[in-house]
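Each remark here refers to the structure printed beneath this line.
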Amino acid sequence: MLLTFNQIVFVLLTTIPIPRDIDLPLPFSSWGLKFFLVVLFLLHILFVNLMVGGSLLAVFFEILGLNQKKYDQLGKKITETVTVNKSLAVVLGVGPLLCINLVYTIHFYSANTLTGYAWISIIPLVIIAFLLAYLHKYTWLNWQEKNKKFHIFIGSMAAFLFLCIPLIFLTNINLMLFPDKWPEVSGFFSSLRVGNVFPRYFHFLTASLALTGLFLAGWFGRKKYPLETALPEFSHAELKKIFYKLTFYATVAQFAFGPLLLFTLPYSGISITLIIIILVGAALALLVLWYLHREIKKGNDQPGYSYAVIIFIFTLVVIAMGTGRHIYREVSLAPHRALIASESERFHAILLATRMRLAAGQGAGEALGTAITGEKIFVNCAACHAVDKILAGPSLVEIYSLYKDNPEGIVKWAKAPGKKRPQFAPMPSFAQLGDEKLQLVADYILETVRQNTTSGKAAESPQK
Amino acid sequence: MDFPQFFFDLIGNRLFMAIIASIHVFINHPLAVGAYPLIVLIEWWGRRTGKVEWDRLAYRITFVLFIITTTVGALTGVGIWFTTALIAPFGIGSLLRVFFWAWFTEWLVFISEVILIMIYFLTWKRWSEGLMKKVHIGFGIFLAAFSWLTMAIIVGILGFMMDSGTWPVTRTFISGFFNPLYLPQLAFRTTYAMMTAGLCAWFMIFFFTEKGSPFRRQAVRLVAAWSFGWAVPFIPSALWYWYRVPDSMLANINVGLMTQRFMHWHHTLAVIMLATVGVISLITLIGIIRPRYITGLVLLVPFVLGIWLLGHFERVREFIRKPYVIADYMYSNGVKIEEMPVFQRDGILPYATWVKNHRVTSVNQLDAGCDVFLVTCSRCHTTSGLNSLTAKFKNLYGPEPWDKEVLNAFLRTMHVTRTYMPPFPGNDAEVEALVTYIKYLQNNREPIFDAQARWQPKPAQPVDSMSSP
C-alpha cells in the first residue's frame, strides 16, 4: 500500500462530507433490516414496474385501436389493472422507505435534501398521475366517440408522469452511493450527472415492459378470465403470444442495457461477488429466453404449467439483480460508513469528557466564588432592558426611579411580572432563577444606574 | 448539521410541513376513519330494508371516497415522510429508531386498508346478492376497523412528540407510545372523525339524490342522526383532551409569557370547540326533525368551523412541541440537550458538517453568521420570508438600526426568555457572527438559495485526534 490508513482518511476528509450518525440504537439487527429492505423493495418495484409498463401499454394499444377496434378494448382492460397496481405500488413503497431510512440514514436523507424540490415534487406528481389514471379509466367509454384524441392525451400524460417519478427516485438512490460527489451537487438536474443514472433508468424501463408482458400473459391467459365477454375478438393463444413476445424482446434488450449498466457503474462498489451474482442472473435470464421462445413457437394454447416455470426462473433473475444491487451499495458505502462511525465516536468521547470536566469545574468555580455575579445574571434581562434606551421593555433609568429604595420590589416583580404599560408585550417571569440571583441582579440594576447618573449624568439627559 | 440543509427561504419549513400534514388530516379524519363505518351502515340498512336507493347512495359515496383517499389521502400521508426527510431528517431519523415497529405495524395495517378499500369498492356490483352481499358488508366492517387502527397507531407517535412521558429516562418503546396524552387524543380524534363524516356524507347526498324526493329526506335524517349521535361523546372526549394538554405541557413551562400565550390559545380553543359542537348539534337536530330546512350552504358552516377547530388544535400542538422535536431530548434544530455544553464552549461550527465556515474569524463574520443562522435558526425561521428574523426583530426593537449589544443579549437568553426556542447552541464568537448577519439582513433582503450547497471540509484536527490513540 502506498498510502497509510491515516493518509487515506486525511484525503477523504478533505473531499467528502463526514457527518455523525444518529446516536440511538437500531430497533432491530442491521442484517435483519437489510434483508427486509431487499425483499420489500423487490415487492414494491414489481408493482411499480406493472404500473409503469401497464400505463405505457394501455396508451400504446389505445392508439393501435384507432384503426383496429379490438386493440382499444385490450387497452381498456389493461388500464383496469393499472389503477389497482398503482395503489399497491404506493403502499408497498412505505416499508422499504422505512427500512432504507433506518439502515442508510445519513446517505438516503442526504440525497433527499440535496435533490430537495424534485424529491418533494414526487408527492404532487404522483397525485396528479393517479387522478389522470382514474380519469383515463373511468371516461374510456364515455369519451369513445367525440373525445378520443383528448382521452389518449390524458392517458399519455399519466404515462409520462409515471415515467418521470421513477427517474427522481432513481436519482436519489444513485446519489446516495457517492458521498464524494455531494458537495458538487446542487439540485436534481446536477444529480443526474452523478454515477450512471441513465443506464440504470433504461434498465428499469425495459424491466417494466418485460414484467408487464409476463404479468398480462398470465392475467389474460388464466382459465377463469372471461375472455368471451371481456375481449371477444381475442383468443387465448393470440394474447399469450403478444405478451410473451413483449417479454422476450424486452429481455433480449436487457442483454444490451445490463452490460451497459454494469460497465458504467463507478468502480467504488464493484466486487467479485457482485460480478458472479450478476452473471448467474444473466444465465438464468438466458434460460427464460429459451423457455419463452419455445412457448411462442408452440403457439396455440394457454400459458398453463410452463407459465409457472417461467415465473419461477424470472423471480430468481429478479432476486439475483436485487441482491447484486444491494451488494454494490454495501461495498460502495463501506469506507464512508467507517469514517462516519469513527467521527461519531470521536464526538461521543468529546461529549463525555466535557460532561465530566463540567461536573468537576462547577465545584471548583463555586469554591473560588467566580460563578455568579449580578452582572452575569443581568444577561437575562439585557435583551429587553438597557440603561437609558427603550428596548422591548422600560429603561433601567425608569426602573431605578420606581425601585431605587426597594430592590425587593424588583425581585418580586421579576418572579411574577404584571401588565402595566400597553406599548409592550408582557414580560416573562424569571421565577426559575430563584430569589438569591434575582436579589443580585436587582442590586446590580440599581447600582449601575446610580453609577451612570453620578459619573456621566446620563440619566438626566438634557434633551428629555 | 449532519445533513445538507434544505431551506425554503420564502415560505419557511414550518408552513411547508403544516400544509401537507393538514391536508392529510382533513382528508383522513372525515373521509376515511369516519366515513367507512357510516357507509357500511348505509349499505347494511339498504339490505335490511330492501331499498336499492340506499345501496346506490352508499356506492356513489364510496366512489368519491375511493378516488380521494387512494390519491390525495394516501399520498399526503406518504408525503409526511418525504417532507420530514427534508425539514428534519435528524428528528424523523431518531423517531424512526424508537418507533420503527409502530410504523411498521401501521404500514401493514395501511396495506390492509388499501387492499380492503379496493376489494370493497371494486366488488360492489359483483357481490350484490345473498351471501355475497353479506360477505361484502363484512369486508366493509374490516375496512372501517383497519382505517381506525391506522389512526390509533399514529396518534401514539404524535402524542409522544408533545410529551415524551418517561421515555427520556426509560427509552423504551412502550413508555414512549402510551404517553399521558394517548387516550384523550385518540378519543378526541375518533369522535371528531365520525361526527364530521356524517356532514361530508350529507353534503354528497345533495348531489346523489333527487331534490325534494322522500328518499333524500330519509337519507339526510340518517346521516344527521349519525353526526348528532357522535357529537354527544365528542363533548366529553374533547374536554378530556383539553384538560389534559396543559397538565403535561405547563409542567415544563415556567415562563409567564409562554404560559400566558398558551392559556390564550387554550381559551380560544375552548371557544371554537364549543361553537363547533353547538352549531353541529343544532344543524343535525334540525336535520333530524326538518330535513328540508338545511341546504348545502348551511352545511358549509360546521365544515369551516370543523376545519378551524382541527387547524387550531394542530397549531397548539405544534407550538407546544417547541422547542423540541423530541421532548426533553432533541431541539427542533437537531441539537440534542446533552450536546449543548460542548457547542456553547467550542462553537457549533467546528462540529457541523454542512457549513462553509468551521471557525469564526475576523474576515468571515458575515458568511459564518449565515452558517450559524442556517444551523441554529433556519428550521423555524426564514431570513425575510414568512416567520422571518427580520420581521421578528423589527417587531421587538423597531425599525432603527438594531443595537449589537441588545441582539447579543437576546441570543444569549433566547431560551430563558422564550421557552419555545432552544438555547443558542454556540460560543461567543458565533453569537457575534450571527449578530453581524442579522444586522446585515436588516438592510439587505437577501434570501438564501444555496443552503444545500454550503460545504467545506472540516478542519484537519479530527485526523490528529483519530491517529493519536
Side-chain angles (χ1 to χ4, degrees), chain A residues 6 9-10 13-15 17-20 22 24-28 84 87 90-92 94-95 97-98 101-102 105-106 109-110 112-114 116 119-120 122-123 126-127 130-131 134 182-183 186 342-343 346-347 350-351 354-355 358 379-380 382-383 386 389 391-392 417 426 428-429 431-432, chain B residues 2-6 67 70-72 74-76 78-79 81-83 85-86 89-90 93-94 96-98 100-101 103-104 107 110-111 114 118 254-258 260 338-339 341-342 345 351 353-354 396-397 406 409-410 412-413 416-417 450 452-453 455 457-458 460 462-463 465-467:
Chain A
N6 278 333
V9 167
F10 183 77
L13 276 181
T14 51
T15 53
I18 320 268
R20 296 184 296 277
I22 289 180
L24 288 169
L26 286 176
F28 192 57
V84 173
S87 276
V90 165
V91 288
L92 290 176
V94 175
L97 184 71
L98 297 186
N101 282 345
L102 269 177
T105 312
I106 293 286
Y109 285 136
S110 296
N112 297 165
T113 41
L114 287 170
W119 172 251
I120 194 64
I122 287 176
I123 298 302
V126 175
I127 292 178
F130 281 13
L131 288 171
Y134 280 132
W182 293 349
S186 59
S342 71
E343 172 71 4
R346 188 182 69 88
F347 183 69
I350 296 176
L351 265 187
T354 311
R355 203 177 302 158
L358 225 62
V379 169
N380 286 306
K389 244 188 304 195
L391 302 174
S429 154
Q432 73 274 17
Chain B
D2 293 313
F3 298 89
Q5 305 257 2
F6 175 80
I67 301 286
T70 57
T71 56
V72 191
L75 265 301
T76 44
V78 178
W81 289 107
F82 281 63
T83 326
L86 297 185
F90 41 80
S94 305
L96 195 50
R97 284 172 192 230
V98 182
F100 176 70
W101 291 112
W103 269 315
F104 196 82
W107 175 55
F110 178 46
I111 295 178
V114 169
M118 286 195 293
N254 48 18
V255 173
L257 180 64
M258 178 73 170
Q260 281 167 19
E338 58 172 9
E339 298 170 342
V342 176
R345 183 193 60 198
Y351 298 106
T353 308
W354 289 91
L396 265 183
Y397 301 130
V406 171
F410 176 90
R412 281 165 203 279
T413 57
V416 188
T417 52
D450 63 340
Q452 292 121 300
W455 180 79
K458 279 184 205 169
V463 182
S465 56
M466 252 166 60
S467 54

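Convention: sequence-line order gives letters A, B, ...; per-chain numbering from 1.
- Here the closest non-hydrogen pair linking A:Asn380 and B:Thr413 is CA-CG2, 3.2 Å.
- Proximity of B:Trp354 to A:Thr113: side-chain heavy atoms (C-beta onward) are nowhere separated by under 4.5 Å.
- Scored by the side-chain contact (heavy atoms from CB on, under 4.5 Å) test, A:Ile122 finds A:Trp119, A:Val126, A:Ile165, A:Ile168, A:Phe169, B:Phe82 as partners (sequence neighbours excluded).
- Looking at residues two or more places apart in sequence or on another chain, you find a salt bridge (charged side-chain N to carboxylate O under 4.0 Å, His left out) between A:Arg355 and B:Glu338.
- When all heavy atoms of A:Pro27 and B:Leu96 are compared, the pair lying nearest together is CG-O, 4.5 Å.
- Put simply, of B:Gln452, B:Arg412, B:Arg97, B:Glu339, the one with the most heavy-atom pairs under 4.5 Å next to chain A is B:Arg97.
- Between A:Phe28 and B:Phe100, the ring center distance fails the sub-6.0 Å criterion.
- The minimum heavy-atom distance between A:Ile18 and B:Thr353, with the atom names listed, is O-OG1, 3.7 Å.
- For chain A, the nearby part of B:Val114 is the side chain; its heavy atoms alone come within less than 4.5 Å.
- Only the backbone of B:Phe90 comes within contact range of chain A, with at least one heavy atom under 4.5 Å from a heavy atom of that chain.
- With chain B as the partner, the residue from A:Leu26, A:Leu92, A:Asn101, A:Leu97 showing the most heavy-atom pairs under 4.5 Å is A:Leu92.
- B:Tyr351 places a side-chain heavy atom less than 4.5 Å from the side chain of A:Phe347.
- The line from OG of A:Ser87 to CG of B:Leu75 is 9.0 Å long, rounded to the nearest 0.5 Å.
- If you take CG on B:Leu86 and CG on A:Asn112, they are separated by 6.5 Å, rounding to the nearest 0.5 Å.
- A distance-only check finds a donor-acceptor pair linking the side chain of B:Asp2 to the backbone of A:Arg20 [under 3.5 Å].
- Heavy atoms only, all atoms of each residue included: B:Pro341 and A:Leu358 are closest at CB-CD2, 3.8 Å.
- Here the closest non-hydrogen pair linking B:Phe104 and A:Leu98 is N-CD1, 4.1 Å.
- B:Trp103 places none of its side-chain heavy atoms less than 4.5 Å from the side chain of A:Val94.
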